[in-house]
Amino acid sequence: MLVAVFALGGVVSPLVLGWIVDSAASATIGYRNGWLVTAALLLVTGLLSALFMRPEKDARRLGVLESPAARVRVRH
């Protein structure tokens, strides 16, 4: 199921970009708009990831211990 969800991006993104290019006045403007949409999506999802990801909470939940040998610090 996870692979199917990830593969869905490879199917949907060309369709969306094609729709953006076709709806623009010229192909140049359409591709520029497509890149702007991509940049906006990356910015929004990056900000959401930075706000909501909590690796130390996941480490506690999964029981991952701090390993001095690996020089990986996990705050508890």
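Sequential numbering from 1 along the given sequence is applied to the chain's residues. Worth saying up front: this structure is predicted, and the values here are computed from it rather than measured.
- Going from atom CG of L17 over to atom CG of D22 covers 9.5 Å, rounded to the nearest 0.5 Å.
- No chain of hydrophobic side-chain contacts below 4.5 Å, direct or via other Ile, Leu, Val, Met, Phe, Trp or Tyr residues, connects W19 to Y31.
- Among all heavy-atom pairs drawn from T45 and L42, the shortest one is OG1-O, 3.3 Å.
- Contact between P14 and G9 at its shortest, heavy atoms only, is CD-O, 4.1 Å.
- Partners of R61 according to the salt bridge (Lys or Arg N to Asp or Glu O under 4.0 Å) rule, which considers only residues two or more places apart in sequence or in another chain, are D58.
- Under the 4.5 Å side-chain heavy-atom criterion for ILVMFWY residues, a single connected hydrophobic cluster contains both V44 and F52.
- With hydrophobic clusters built from ILVMFWY side chains whose heavy atoms lie under 4.5 angstrom apart, W35 does not share a cluster with V37.
- Neither L8 nor L15 shares a network with the other; the hydrophobic side chains, linked directly or stepwise wherever heavy atoms of I, L, V, M, F, W or Y lie under 4.5 Å apart, form separate groups for each.
- Put simply, CG on L43 and OG1 on T38 are 12.5 Å apart, with the number rounded to the nearest 0.5 Å.
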